[in-house]
Amino acid sequence: MSEYSLDTIRHSAAHVMAAAVKQLFPNAKFDIGPATENGFYYDFDLDRSLTPEDLKSIEKAMRKLIGRKLPFERFELSRAEAEKMLKEDNQTFKLERLADIPEDGVITFYRTGDYVDLCRGPHVEHSGCIGAVKLLSVAGSYFRGDEKNPMLQRIYGIAFATEEELKAHLTMLEEAAKRDHRKLGKELDLFSFSENVGPGLVLWHPKGAFVRNAIETYWRDRHYKNGYQLMYTPHIGRSVLWETSGHLDFYRDSMYSAMEIDENDYYVKPMNCPFHIEIYQSRLRSYRELPLRWAELGTVYRYEKSGVLHGLLRVRGFTQDDAHIVCTPEQIEDEIAEVLRFSLSIWKEFGFKEIKPYLATRPAKAVGDPARWEKALVALKKAVEKAGLDCEVDEGGGAFYGPKIDLKVKDAIGREWQTSTIQFDFNLPERFNMTYIGEDGKKHQPFMVHRALFGSIERFFGILIEQYAGAFPLWLAPVQARILPITENQTEAAAKLRDDLRQRGFRVDLDSRQAGLGAKIKDARHERLNYILVVGEREAAEGTVAVRHRNDGELGTISVDDLAARMTREVEEKI
RNA sequence: GCCGAUGUAGCUCAGUCGGUAGAGCAAUUCACUCGUAAUGAAUAGGUCAACGGUUCGAUUCCGUUCAUCGGCUCCA
């Protein structure tokens, strides 16, 4: 075990990488090189684009620097001295970073060999303390993350105290790549995209569609049991709707363009809320019917920037498991706590443990009564507390229309994806003039909360594929069992067994190819089928079946009734 | 959208320093009739992402577009 934290080792590795880049690109301008959760990076401005070969040379140069055990020497400069030094070296980005340091801040530098960097530290004692490094990739990245700023080149790397840990990490990355939902989606014939249809528009193949249907059925059931009412609304609406909602003002860039019908502009919906509000407005509402919990699996289309599309996790057409909660100020705390509890309980049922809430508060530019913001924030905070979770607070990170809690879960290779969201909205009730008649007989504006638990069915499915590595539990599996006749003589008996099991409600198919049993088993296992049912001469005669389970292995020859009982149990237990 | 990379058979990939392409797996057919991770043989399968330019000739070189991948930003 190293005496230094991984962060310190990685941050020092970033410095060594910068030193190596300085050697190879003397004119390089440097930005910053922090440690991250999964490694480190450094941003550079270079006179040409980096190639994979450059990465190798940089890594080689780093190894040399590490081998020389160069000390990290800390020293302080006055602001004037620091500015002079950075100016002489034409380090424009560093100069901007220097300006960020507060007036009374100490300006420290670290020297490693010939390389000097403006840096707060801390660092390892000398470069030899960086056990093992590997550079992973080059990517573009805007200075300060702002797309108006120049684009720098970012090199990502990973560092560990020992070679063994590095090796283990690289193996983990390889394993994670094997569960990539895009790869499995193709291999298991779950979904695809077509250039003819358009980017970010998912084609659900029969097997993927089955899983989706199972998820949706489960979702509906849980919602009815939790006091929700389900609705359906159209995919398009007139421009006046989107003018009232304000989407045409502040969301237009993300909307598909209008289509003209009978001299009216119609827009494909990017959100479901205005439709739900129209239902609310269809008659006068009393406080007695609140809270309303209105849910819809609503398919929306958003023009997402082409560069952000990512398999099922970021698409342009997706179905939100959307709901709007409309309630009185007195109800708001209980409602929020209930939504969070509901959400967490569903994620738990699918076996997710790494879920992190992020609380986003009031931004500088916001609409709505500050007192209502405060009440909302209290409700959100209390809900998190009640759920016993720690949450990260993003001060001022809320939307202009309300504060929110987002839940994020990690995919196979550690990337976090936003899924559940609970968002207050002080804008739409105002714009649509939503009211209810209170006990006092007067009109009041209700609280409205948007929430999605899965986020979108697409994203949830993508994450689910990676979570299970394509091996779906029996209740979700599109094909639960495959029957393998040993020779063609058993094809008839096998087909009969298939039909029998189908009649009992199981999803079963038959491998009637001319192939050896071994080959059929190999393919069935590759498809991660839960049950493999072998029918040979003996089973055909007895009306039994030789069962092999995906996790439990060979279970011997049993009767069809016993098999069905076992499968039923497994479906009910959702394992 | 921006930076960088990639696009060859259903899949995974090779290949052509410019003369219209090949493997393995999958598919189809035939033979074999087989007991728990690959039986053998044959056949078929491609506007080499699309469009333009250069050239006697372009899958190959150049340009544009589209799509995908790694990131940035944004987000469910």
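Predicted, not measured: the structure shown is a model, and the values here were computed from it. Naming convention: chains lettered A, B, ... in sequence-line order (proteins, then strands); numbering from 1 in each chain. Values reported hereafter were calculated over all heavy atoms of this structure, with side chains retained and with hydrogens, waters and symmetry mates removed.
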Checklist entry - How far does the P atom of B:G4 sit from the matching atom of B:U64, given to the nearest Å? => result 12 Å

Checklist entry - When rounded to the nearest Å, what value does the distance between P atoms of B:G52 and B:G57 take? => result 15 Å

Next on the checklist: Rounding to an integer number of angstrom, what distance separates B:G24 and B:U43 when you compare their P atoms?
Outcome noted: 12 Å

Checklist entry - What integer number of Å spans the C1' atoms of B:U8 and B:A50? => result 15 Å

Item to check | Under 4.0 angstrom between A:S137 side-chain N/O and B:G71 OP1 or OP2 | outcome: no

Item to check | Atom pair distance, as rounded to whole Å: CG in A:D146 and C1' in B:G1 | outcome: 13 Å

Item to check | Separation of B:C74 P from A:M151 CE (nearest whole Å) | outcome: 12 Å

Next on the checklist: Looking at B:G70, I'd like to know if its phosphate oxygens (OP1 or OP2) sit under 4.0 Å from a side-chain N or O belonging to A:R182.
Outcome noted: yes

Item to check | All stems with RNA chain B, defined as three or more consecutive Watson-Crick or G-U pairs under 3.5 Å | outcome: B:1-7 with B:66-72, B:10-13 with B:22-25, B:27-31 with B:39-43, B:49-53 with B:61-65

Pair up each side-chain donor or acceptor in residues 188-202 of chain A with any protein partner under 3.5 Å, not counting sequence neighbours, and list the distances.
residue: A:D189; atom: OD1; partner: A:H205; partner atom: ND1; Å: 2.7
residue: A:S192; atom: OG; partner: A:H205; partner atom: NE2; Å: 2.7
residue: A:S194; atom: OG; partner: A:N196; partner atom: N; Å: 3.0

Item to check | Within 45° cone of A:Y358 ring axis and under 6.0 Å: A:K408 NZ or CZ | outcome: yes

Item to check | For A:E527, all residues meeting side-chain contact (heavy atoms from CB on, under 4.5 Å), sequence neighbours excluded | outcome: A:K207, A:R482, A:L529

Next on the checklist: Could you check whether A:R182 pairs with A:D180 (Lys NZ or Arg NE/NH1/NH2 to Asp/Glu carboxylate O, under 4.0 Å)?
Outcome noted: yes

Solution key, residues 532-545 of chain A side-chain donor-acceptor pairs under 3.5 Å, sequence neighbours excluded:
residue: A:E539; atom: OE1; partner: A:G536; partner atom: N; Å: 3.0
residue: A:E542; atom: OE1; partner: A:T544; partner atom: OG1; Å: 3.0

Item to check | Distance in angstrom units between A:E304 CD and B:U68 P, rounded | outcome: 13 Å

Checklist entry - Mind checking whether A:F460 and A:F352 have parallel, tilted or perpendicular rings, split at 30° and 60°? => result tilted

Checklist entry - Hey, do the aromatic rings of A:F350 and A:Y218 have their centres closer than 6.0 Å? => result yes

Checklist entry - In terms of ring plane angle, is the pair A:F461 and A:W204 parallel, tilted or perpendicular, where the classes change at 30° and 60°? => result parallel

Checklist entry - Can you find a side chain N or O atom of A:R154 that sits less than 4.0 Å from OP1 or OP2 on B:C3? => result no

Checklist entry - Counting any heavy atom closer than 4.0 Å, what does A:R48 reach on the DNA or RNA strands: base, sugar-phosphate only, or nothing? => result nothing

Item to check | Check: A:Y142 side chain, B:G71 base, donor-acceptor under 3.5 Å | outcome: no

Checklist entry - Just checking, any donor-acceptor pair under 3.5 angstrom between side chains of A:H181 and A:E466? => result yes

Next on the checklist: Taking any heavy-atom pair under 4.0 Å as a contact, classify A:T419: base, sugar-phosphate, or nothing.
Outcome noted: sugar-phosphate

Next on the checklist: Strictly below 4.0 Å: does A:Q418 bring a side-chain N or O up to OP1 or OP2 of B:A76?
Outcome noted: yes

Item to check | Lys/Arg-Asp/Glu bridge criterion (N-O < 4.0 Å) met for A:R566, A:D552 | outcome: yes

Checklist entry - How far apart are the C-alpha atoms of A:H223 and A:R293, what are their side-chain angles, what is the distance that settles it, and do they pass the side chain to side chain contact (heavy atoms under 4.5 Å, CB included) test? => result CA-CA 9 Å; A:H223 276 71; A:R293 298 174 182 169; over 6 Å; no

Checklist entry - Will you find, in the side chains of A:R451 and A:S343, an N or O donor that is under 3.5 Å from an N or O acceptor? => result no

Checklist entry - Starting at CG of A:L135 and ending at P of B:G70, how long is that distance when rounded to a whole Å? => result 19 Å

Item to check | Test item: side-chain donor near acceptor, A:D54 and A:S57, under 3.5 Å | outcome: no

Next on the checklist: Checking A:S456 now: which residues fulfil side-chain contact (heavy atoms from CB on, under 4.5 Å) with it, not counting sequence neighbours?
Outcome noted: A:F318, A:E458, A:R459

Item to check | Distance below 4.0 Å between A:Y303 side-chain N/O and B:G1 OP1 or OP2 | outcome: yes

Checklist entry - Got a sec? Which of residues 348-367 of chain A come in under 4.0 Å of RNA chain B, heavy atoms? => result none

Item to check | side-chain contact (heavy atoms from CB on, under 4.5 Å) partners for A:E395, two or more places apart | outcome: A:T361, A:V393

Checklist entry - Once you round it to whole Å, what is the distance between P of B:G71 and CG of A:L50? => result 17 Å

Item to check | Within residues 530-559 of chain A or reaching into it, pairs that qualify as ring-ring contact (aromatic ring centres under 6.0 Å, His included) - sequence neighbours excluded | outcome: A:Y531-A:H549

Checklist entry - What distance, rounded to whole Å, do you find between the two C1' atoms, one in B:C34 and one in B:A23? => result 29 Å

Checklist entry - In terms of side-chain geometry, is the basic nitrogen of A:R550 or A:E570 positioned less than 4.0 Å from the acidic oxygen of its partner? => result no

Next on the checklist: Quick check on B:U12: is either OP1 or OP2 less than 4.0 Å from any side-chain nitrogen or oxygen of A:K186?
Outcome noted: yes

Next on the checklist: What I want to check is whether the side chains of A:N530 and A:R507 have a donor and an acceptor closer together than 3.5 Å.
Outcome noted: no

Next on the checklist: Between B:U55 and B:A14, how many Å separate the two P atoms, rounded to a whole number?
Outcome noted: 33 Å

Next on the checklist: So, under a plain 3.5 Å distance rule, would you say the side chain of A:R314 forms a donor-acceptor pair with the base of B:C74?
Outcome noted: yes

Checklist entry - Across the strands shown, which category fits A:L309 at heavy-atom distances under 4.0 angstrom: base, sugar-phosphate, nothing? => result sugar-phosphate

Checklist entry - So which of residues 187-201 of chain A are in contact with RNA chain B, with a heavy-atom cut-off of under 4.0 Å? => result A:E195, A:P199

Item to check | A:Y301 OH - B:C75 P separation (whole Å) | outcome: 22 Å

Next on the checklist: Counting primed atoms plus P, OP1 and OP2 as sugar-phosphate and everything else as base, spell out the protein contacts along nucleotides 33-42 of chain B at 4.0 Å heavy-atom distance: B, S or - for each nucleotide, 5' to 3'.
Outcome noted: BBBBBBB---

Checklist outcome for this item: note: A:H247, atom NE2; B:C75, atom C1'; distance rounded to Å ~ 14 Å

Next on the checklist: Pick the closest RNA chain B nucleotide for A:Y251 and for A:S306 by heavy atoms, then say which residue is nearer the 5' end.
Outcome noted: A:S306

Checklist entry - NA contact type, A:V300, heavy-atom cut-off 4.0 Å: base, sugar-phosphate, or nothing? => result nothing

Next on the checklist: Using a heavy-atom cut-off of 4.0 Å across all strands, would you classify A:G145 as base, sugar-phosphate, or nothing?
Outcome noted: sugar-phosphate

Item to check | Atom C1', compared across B:U20 and B:G15: separation rounded to whole Å | outcome: 14 Å

Checklist entry - How far, in whole Å, is B:A37 from B:G1 if one measures between their C1' atoms? => result 48 Å

Checklist outcome for this item: Hits for salt bridge (charged side-chain N to carboxylate O under 4.0 Å, His left out) against A:D7, two or more places apart or cross-chain, chain-then-number order -> none

Checklist entry - Got a sec? Which of residues 448-463 of chain A come in under 4.0 Å of RNA chain B, heavy atoms? => result A:G455, A:S456, A:R459

Item to check | Nucleotide B:C69, atom P - distance to NZ of A:K305 in whole Å | outcome: 18 Å

